[in-house]
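One structure is given here, and the rest of the page talks about it.
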Amino acid sequence: MKYISTRGKSPELNFSDVLLSGLAPDGGLYLPKNYPSISNEELSLMRMMSYSELAFFIFSKYIDDIPSEDLKDIVKKTYTKKVYGFSRKEQNAEDITPTLKLKNNLHLLSLSNGPTIAFKDIAMQFLGNIFEYVLSKQNKSLNILGATSGDTGSAAEYAMRGKKGIKVFMLSPNGRMSPFQTAQMYSLQDKNIFNIAIKGVFDDCQDIVKAVSNDLEFKEKNKIGAVNSINWGRILAQIVYYFKGYFDVTESNDEIVDFTVPTGNFGNICAGHVARMMGLPIRKLVVATNENDVLDEFFKTGSYAPRGSDKTYLTSSPSMDISKASNFERFMFDVFKRDADILCKHWNQVDLGGSFNLTDELFERISNFGFISSSSKHVNRIGLIKKFYEDYNVIVDTHTADGLKAALDHFDSSIPMLVLETALPIKFEKSIFEAIGKYPDRPKQLQNIESLKQHNEVFNNDVNEVKNFITKNT
Ligand SMILES: *Cc1c(COP(=O)(O)O)cnc(C)c1O
């Protein structure tokens, strides 16, 4: 399988090279040259598979430059009950992404049972293992530089801790993450993990990462890499649970289902789109946004107008506070029938801070891909957390509540709807308290996490301080 860039002006690459590169040199994102289709016979075989067998089966269609046996070992090591052990008592942890029936045809697909209790673990744990493998084969090392407001950074650190050939330099806004998130990251004692608290906000951290990455000489010399959400390896890993969820709530391959996805950078739902393109019987893919509703506006009107950080609101579902979704470009490439010139024409405007309006003809195509959307507000989230606790004795987090709102807006009671649960409620316990007047129970292993010894550097909002630190430690 070869990979091509959405902007059409980069050489084709193998999987391993796509994995280690960020953006394509022409500024585009990599996608497989075609989506392998799954036959009905294959679908029947897959129905019987465990999660790791399913992952291996799907990955094998996209990766042909890693020996099969090695890939199988990597996948087996990644998707174990031990790594994804935070599931509810009534769910089967062996399933890795178990479902939970809320009422007839309404299910949660729980993706947040990994070490940092948010769905990014599913892909990031795979990335940690496959990075280590590919780097050792190519005799290379990598220094991952990232910025986080909470979830991405901790998922990356838990995936990369102790990995040979990899160091992680993670910038976070000093004193601005929740105590739980801070403790999750700063309590790691691994020698290859460096937590850097910047005296500033998340955007300042992001700007430092950009400035370092734009210094090509420094980047080359210090082998700087990224694990951000445009990495194809992350999308690939996320395709698997759409299949798993489908098999869990259906009995035969002629049944169709709907999915609702709490959306930020469009990575998660992009994987759903790929699963559907491969032939998984998905009818609707519902995009759920919070008050940051750029994508809801697009799917309702065909007008795409990303916003700057001054118009991006801080909400109670903070991992979705994004107004320019990076993976959206991948989906639109397919909407434009993979015509890179049309893609470039639209994205040239976006890259300059502008917007675009689809023609009626192009907008009509969107529905062929099953996409619809809804947005929600804080009161909706709080109301739904309360309602689902009272009606079904299930506590969901604020992001999943955004999902429930959108799912109910589009619910067709005759067709199974799977709502992706993207974090566990203990991660956002203040909002849970606001909704139901009590805190969710914490698993034993996490009960005293805030009192563990923490370990981090504090730097001014200054690129050079960060560069010096990296040079000294690589
Ligand atoms: C990252 C994240 C999202 C958004 O996922 P995207 O792939 O960026 O669309 C939603 N919920 C939670 C809890 C997250 O951490």
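Whatever order the structure lists ligands and atoms in, that order sets their numbers, starting from 1.
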Charged N to carboxylate O under 4.0 angstrom, [X] versus [Y]?
X    : Y    : result
D334 : R330 : no
K81  : D95  : no
R7   : D351 : yes
K386 : D391 : no

Flag side-chain contact, heavy atom, 4.5 Å: M185 against M177: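 Answer yes - side chains close enough.
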Non-hydrogen side-chain atoms of I38 and M46 separated by less than 4.5 Å: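 Sidechains of M46 and I38: in contact.
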Using a cut-off of under 3.5 Å, which N/O atoms of ligand 1 pair up with protein N/O atoms, and what distance separates each pair?
unit_1   : atom_1 : unit_2 : atom_2 : d
ligand 1 : 7 (O)  : G267   : N      : 3.2
ligand 1 : 7 (O)  : N268   : N      : 2.9
ligand 1 : 8 (O)  : N265   : N      : 2.7
ligand 1 : 9 (O)  : G264   : N      : 2.8
ligand 1 : 9 (O)  : N265   : N      : 3.2
ligand 1 : 9 (O)  : F266   : N      : 3.0
ligand 1 : 11 (N) : T422   : OG1    : 2.9
ligand 1 : 15 (O) : K120   : NZ     : 2.5
ligand 1 : 15 (O) : D151   : OD2    : 2.7

